[in-house]
Amino acid sequence: MTVIDPETQAGWVPEADEVDDEEEMPLSLRLSIADTLTLGNATCGFMAVYFTTTGILIPHLTGSQESGMARHSAATAVILMLCAAVFDLFDGLVARKLRSSPMGAELDNLSDLISFGLAPAYFVLVYGMVADDAHQRVAAVGAIVVLLAVVLRLARFSCVTLKDGMFQGMPSPFGALTVVSIVLLELPFVATLLAILGTAWLMVSRVEYPKPRGRLAGAMLAWIVLSMGLLAAWAFDAPSGQLLLQTGCALQLVMGAVIPLFATARRVNNFRDNRREARAAQLP
């Protein structure tokens, strides 16, 4: 039925008749390949929390003495965080090569919050509940600090424009892996807590870290694969598996402290080169 406006005499067609049932989905709601990888990142982070709960926390609360199960679950949880880091590495590469949907940046931040904020913070919290020399409430404070550091870092990353090729503060995937490495080292509780707080500070600091591109991305991928191998060796109680894992965790901590020194050295060298060029330009 057509409705006639008495003033304009114009016909009005009901809105339902104007909508095409086969209208294409808006571009903002379509997922790209990069977005699918980002969702894989979030899934790995959630499953890391699941294995930490079912394999470590629940057996501890029920009085189970199966240390092998806890070791396997801890290794699985950390391997899932490593898989999340792989997804996070490749979704950026794919987005640059192909395309990303308008939701890409938001999906990336939300996924990173799950995999590199919630998962490692929960890992620290559970460590505070199951470790013999740990203090549960103090560990809970450390876990909250880790979570808030990642939240602040991701928010700042969305708002601040930095020079190409550099991150300001330790990237959240690297920070998450450093936090779980500190826990797996099984240091005294005070040393563990201080190292975790130091890592959280690095994530919100102005210390520069290079973005994983080119050879650096390949090196990062190789390190993640190696870390998975070390975790698997430890989980299945391979000969010297504990020593290999502790060596890998120690190297993770060393890299977290040393990598910014290379960025600082490069910045100093660039400053010196600029001064030399300025002086040479002033000479007659």
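FYI, the numbering just counts along the sequence from 1.
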Item to check | Donor-acceptor under 3.5 Å (Ser111 side chain, Thr38 main chain) | outcome: yes
Checklist entry - Of the non-hydrogen atoms in Val124 and Gly142, which two are nearest, and what is the gap between them? => result CG1-C, 4.5 Å
Checklist entry - Is there side-chain contact between Leu251 and Trp223, with heavy atoms separated by less than 4.5 Å? => result yes
Next on the checklist: Distance alone, cut at 3.5 Å: any donor-acceptor contact between the side chains of Asp91 and Asn41?
Outcome noted: no
Checklist entry - About how many Å separate CE of Met47 and CD1 of Ile79, when rounded to the nearest 0.5 Å? => result 13.5 Å
Next on the checklist: Hydrophobic clustering (ILVMFWY, side-chain heavy atoms < 4.5 Å, transitive) - are Val204 and Tyr209 grouped together?
Outcome noted: no
Checklist entry - Looking at CD1 of Ile114 and CE of Met81, how far apart are the two atoms once the value is rounded to the nearest 0.5 Å? => result 13.0 Å
Item to check | Within-4.5 Å side-chain heavy-atom neighbours: Leu57 and Thr52 | outcome: no
Next on the checklist: Within a 6.0 Å radius of atom CZ on Phe189, are there more than 12 heavy atoms belonging to other residues, nucleotides or ligands?
Outcome noted: yes
Checklist entry - Between Ala75 and Leu231, what is the shortest heavy-atom contact and its length? => result CB-O, 3.8 Å
Item to check | Trp234 and Gln246 side chains, donor-acceptor separation under 3.5 Å | outcome: no
Next on the checklist: Run Val94 and Leu37 through side chain to side chain contact (heavy atoms under 4.5 Å, CB included) and show every step you take.
Outcome noted: CA-CA 9 Å; Val94 171; Leu37 295 175; 3.7 Å; yes
Checklist entry - For Phe87 and Cys44, which heavy atoms make the closest approach, and how far apart are they? => result CE1-SG, 3.7 Å
Checklist entry - Mind checking whether Phe123 and Val179 have side chains closer than 4.5 Å, heavy atoms only? => result no
Item to check | Derivation of the side chain to side chain contact (heavy atoms under 4.5 Å, CB included) call for Ile196 and Val183 | outcome: CA-CA 8 Å; Ile196 289 173; Val183 175; 4.1 Å; yes
Next on the checklist: For a 4.5 angstrom cut-off between non-hydrogen side-chain atoms, does Asp88 reach Ser115?
Outcome noted: no
Item to check | Over 12 foreign heavy atoms within 6.0 Å of CG, Leu221 | outcome: yes
Checklist entry - What are the two closest non-hydrogen atoms of Val150 and Ser172, and how far apart are they? => result CG1-CB, 4.2 Å
Checklist entry - Is it the case that one hydrophobic cluster holds both Leu187 and Leu193, taking links as side-chain heavy atoms less than 4.5 Å apart, direct or via other members? => result yes
Checklist entry - Atom CD1 in Ile182, atom CG in Leu194: separation rounded to 0.5 Å? => result 10.0 Å
Checklist entry - Nearest heavy-atom pair of Ala143 and Ala121: which atoms, and what distance? => result CB-O, 3.1 Å
Checklist entry - Would you say the side-chain atoms of Thr62 pair up with the backbone N or O of Pro59, donor to acceptor, closer than 3.5 Å? => result yes
Checklist outcome for this item: d(Leu230 CG, Thr247 OG1) to nearest 0.5 Å is 8.0 Å
Checklist entry - So, do Glu186 and Tyr127 sit near enough that their side-chain heavy atoms are less than 4.5 Å apart? => result no
Checklist entry - So do the side chains of Asp237 and Arg71 get within less than 4.5 Å of each other, counting heavy atoms only? => result yes
Next on the checklist: Return the CG to CZ distance between Leu152 and Arg156, rounded to the nearest 0.5 Å.
Outcome noted: 8.5 Å
Checklist entry - Counting distance only, does the side-chain N/O of His135 pair as donor-acceptor with the main-chain N or O of Gly128 below 3.5 Å? => result no
Item to check | Cluster overlap Leu148 with Val141, hydrophobic side-chain contacts below 4.5 Å | outcome: no
Checklist entry - Would you say Leu202 and Leu154 are hydrophobically clustered, going by side-chain heavy atoms of ILVMFWY under 4.5 Å? => result yes
Checklist entry - Should the pair Arg153 and Phe167 be classed as cation-pi, given the thresholds of under 6.0 Å to the six-membered ring centre and 45° from the axis? => result yes
Checklist entry - Are Val146 and Val78 grouped together when hydrophobic residues (ILVMFWY) are joined by side-chain heavy atoms under 4.5 angstrom apart? => result yes
Item to check | Approximate separation, where rounding is to 0.5 Å, of Ser227 OG and Leu184 CG | outcome: 10.5 Å
Checklist entry - At their closest point, which heavy atom of Met228 faces which heavy atom of Cys83, and how far apart are they? => result CE-SG, 3.5 Å
Item to check | Close aromatic pair by centroid cut-off 6.0 Å: His72 and Phe51 | outcome: no
Item to check | Phe174 side chain reached by Leu177 side chain, heavy atoms, under 4.5 Å | outcome: no
Item to check | Leu113 vs Leu147 side-chain heavy atoms within contact, under 4.5 Å | outcome: yes
